[in-house]
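Since the structure comes first, as structure tokens, the remarks are kept for the end.
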Amino acid sequence: MQGYNQRRRRSPYAIAFALAVIMFILVAPEVNEGKGMEPTIKEGQFLVVSKTGYSQNRGLPDRGKVIIMEKGACREVSEDNLIARVVGLPGDEVEISDGKVLVNGKEYVTPNGIKGSGGQLKLTVPESDVFILCDNRKIKNDSRNSKLGTVNMRDIKGNVLLKVWPFSDFGTVADSEKQKAK
């Protein structure tokens with residue numbers, strides 16, 4: 001009976017440890033450095049990022065998904081990891097002209113109503129790449145920058161799942177987009 005009670009007392013610790021290991025494998029913390037994703041994600045916000053990999057074989061990210069790239073893959077345009085939104089998928093025709101972002105001939109607007117962009121650009125997204133844009137279109141640390149261009153899906157570290165700090169902004173990126181779109 002005594003052995004049973006000892007196992008029962010250790011059980012919550014074993015479960016907590018197993019959950020911590022699983023969470024470490026599946027998600028990672030990230031602090032947003034920069035203003036590229038404002039107003040959706042503010043500078044200094046603490047984020048939880050899923051460690052989701054993409055490729056032609058493993059699946060494509062959804063259009064509109066907010067992703068994060070390793071800084072090694074984007075060091076030409078950012079000193080830290082780069083957070084941006086997937087706008088164009090492999091094979092898509094992306095055009096920026098007359099202040100509009102067009103994807104396959106249709107104007108692209110984020111779920112929280114951000115649209116448009118300056119400059120001129122027309123391209124077809126390569127098979128293993130995606131076209132990304134920051135929500136703050138004044139900052140060109142995204143596929144509009146010729147030093148970065150379209151992004152190979154293998155360079156995507158994961159998706160932004162939650163904003164956890166400050167607590168007043170706690171929630172998913174999609175939740176904040178729904179609130180702002182109203």
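Sequence positions, counted from 1, serve as the residue numbers for this chain.
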Exam field: side chain Asn104 to backbone Asp92, donor-acceptor pair closer than 3.5 Å: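 Such a contact is absent between Asn104 side chain and Asp92 backbone.
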Among Val101, Val109, Asp135, which residue satisfies the side-chain contact (heavy atoms from CB on, under 4.5 Å) criterion with Ile114?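 The side-chain contact (heavy atoms from CB on, under 4.5 Å) with Ile114 is passed solely by Asp135 among Val101, Val109, Asp135.
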What is the distance from atom [atom1] of [X] to atom [atom2] of [Y], rounded to the nearest 0.5 Å?
X      : Y      : atom1 : atom2 : answer
Leu161 : Ile68  : CG    : CD1   : 11.0 Å
Ser50  : Lys65  : OG    : NZ    : 7.0 Å
Glu95  : Glu107 : CD    : CD    : 12.0 Å
Cys134 : Leu82  : SG    : CG    : 5.5 Å

For the hydrophobic clusters of this structure (ILVMFWY residues joined by side-chain heavy atoms under 4.5 Å, transitively), does one cluster hold both [X] and [Y]?
X      : Y      : result
Tyr108 : Leu123 : yes
Leu89  : Ile132 : yes
Val130 : Ile67  : yes
Leu148 : Met153 : yes
Val66  : Leu47  : yes

Ignoring hydrogens and angles, state whether a donor on the side chain of Arg85 or Thr110 is under 3.5 Å from an acceptor on the partner side chain.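 There is no such pair (donor and acceptor under 3.5 Å, judged by atom type) between the side chains of Arg85 and Thr110.
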For [X] and [Y], which heavy atoms make the closest approach, and how far apart are they?
X      : Y      : value
Gly91  : Thr124 : O-CG2, 3.9 Å
Gly149 : Ser143 : O-OG, 2.9 Å
Lys163 : Thr40  : NZ-O, 3.0 Å
Val87  : Arg63  : O-NH1, 2.6 Å
Gly88  : Val94  : CA-CG2, 4.1 Å
Ser97  : Gln120 : CB-OE1, 3.5 Å

Do Asp98 and Lys100 meet the salt-bridge criterion of a basic N to acidic O distance under 4.0 Å?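 No, no charged N to carboxylate O under 4.0 Å.
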Electrostatic pair Asp142-Arg137, nearest N-O below 4.0 angstrom: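 No, this pair does not count.
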